[in-house]
Amino acid sequence: MAERALRGTSIGSKSLETEDGVVFAERRESLYICPNGHRFHMTFAAEVAAPAEWECKCGETGELQYEEPAEEEDSKPLRPQRTHWDMLMERRSEEELQQLLKEQLEVLHSGALMDGVHYR
């Protein structure tokens, strides 16, 4: 057993993976000032709004001093959300759906349905 032990590493406390190829999220800093005059920066993700207040290390509440205005996205207009019915209608016509409904109702009324069996 001793021959197979890893020496010189503390397994579980350190990762052996590198940060190669990792893309970090965009970040930005927001400046806060507390009533005692302490200035401190907090880092947030670029897409979220910074809170108006943040607790300073002295215990007082720091006020947000400057927030960069969010960029207006002038991208293409958003498409309306597709519903299940819209996606179904892309695959089948109403005539096909009527035929499937008729077939399934016949199976149901004949009493031929069984548990665990998939019907079209």
Side-chain angles (χ1 to χ4, degrees):
M1 179 93 169
E3 299 88 39
R4 297 188 312 195
L6 292 174
R7 296 174 191 241
T9 61
S10 48
I11 296 178
S13 65
K14 296 178 184 142
S15 173
L16 300 177
E17 294 183 21
T18 64
E19 294 179 355
D20 295 339
V22 176
V23 178
F24 294 104
E26 287 189 44
R27 297 177 264 175
R28 64 175 166 71
E29 288 189 346
S30 297
L31 172 66
Y32 290 88
I33 300 177
C34 80
N36 293 336
H38 298 128
R39 300 170 59 93
F40 58 98
H41 295 271
M42 297 303 299
T43 305
F44 297 100
E47 64 267 6
V48 299
E53 298 177 339
W54 197 268
E55 186 176 346
C56 179
K57 62 184 177 186
C58 69
E60 295 291 331
T61 302
E63 299 287 329
L64 179 64
Q65 296 301 307
Y66 177 72
E67 182 69 22
E68 294 181 17
E71 295 180 14
E72 294 293 326
E73 292 187 22
D74 293 329
S75 61
K76 59 185 178 183
L78 297 175
R79 295 186 311 177
Q81 185 174 2
R82 290 178 15 194
T83 64
H84 294 292
W85 179 253
D86 295 332
M87 289 184 269
L88 178 65
M89 294 308 292
E90 290 174 4
R91 296 188 311 269
R92 307 245 187 200
S93 67
E94 286 201 39
E95 292 80 24
E96 287 177 299
L97 292 173
Q98 288 294 334
Q99 181 62 32
L100 283 173
L101 177 62
K102 182 180 174 188
E103 291 172 9
Q104 293 298 310
L105 287 174
E106 287 174 4
V107 170
L108 177 67
H109 292 301
S110 70
L113 287 179
M114 295 186 304
D115 288 336
V117 179
H118 176 71
Y119 299 93
R120 279 188 0 158

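Just so it is clear, the values below take in all heavy atoms, side chains as well, and ignore hydrogens, waters and symmetry mates.
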### Message
Surrounding CD of E96 (heavy atoms of other residues, nucleotides or ligands, distance under 6.0 Å), is the total greater than 12?
### Response
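Buried by this count: over 12 neighbours within 6.0 Å.
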Enter the distance from [X]:[atom1] to [Y]:[atom2] here, rounded to the nearest 0.5 Å.
{"X": "E53", "Y": "C34", "atom1": "CD", "atom2": "SG", "result": "12.0 Å"}
{"X": "T83", "Y": "M89", "atom1": "OG1", "atom2": "CE", "result": "10.5 Å"}
{"X": "Q98", "Y": "K102", "atom1": "CD", "atom2": "NZ", "result": "10.5 Å"}
{"X": "I33", "Y": "T61", "atom1": "CD1", "atom2": "OG1", "result": "14.0 Å"}
{"X": "C56", "Y": "M42", "atom1": "SG", "atom2": "CE", "result": "10.5 Å"}

message: Can you give me the closest heavy-atom contact between C58 and H38, atom names plus distance?
response: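 Closest approach of C58 to H38: SG-ND1, 3.5 Å.
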task = Could you tell me which non-hydrogen atom of P35 sits nearest to which non-hydrogen atom of E60, and how far apart they are?
result =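 It is CD-CB, 3.9 Å.
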- Aromatic ring pairing Y32/F40, orientation class (parallel under 30°, perpendicular over 60°, tilted between):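 Ring orientation of Y32 relative to F40: parallel.
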Q. Can you tell me if Q104 uses its side chain to pair, donor with acceptor, with the backbone of L101 under 3.5 Å?
A.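 Not confirmed, Q104 side chain does not pair with L101 backbone.
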Check your understanding: Quick one: does Q65's side chain have a donor or acceptor within less than 3.5 Å of a partner on E63's backbone?
Key ->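 Yes; judged by distance alone, with no hydrogens or angles, the pair exists.
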Exercise. Do V48 and L64 sit in the same hydrophobic cluster, where Ile, Leu, Val, Met, Phe, Trp and Tyr count as joined when their side-chain heavy atoms come under 4.5 Å apart?
Worked result: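 Yes, same cluster.
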### Message
Please tell me whether E103 and Q99 have a donor and an acceptor in their side chains that are separated by less than 3.5 angstrom.
### Response
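Yes, a side-chain donor-acceptor pair sits under 3.5 Å.
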With R27 via salt bridge (Lys or Arg N to Asp or Glu O under 4.0 Å) - residues at least two apart: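 Expected list: none.
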- Message: Can you list everything that forms a salt bridge (Lys or Arg N to Asp or Glu O under 4.0 Å) with E106? Sequence neighbours excluded, please.
- Response: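 Expected list: none.
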Practice task
Indicate yes or no: at least one non-hydrogen side-chain atom of E90 is less than 4.5 angstrom from one of R82.
Solution key: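 Yes. Closest side-chain heavy atoms under 4.5 Å.
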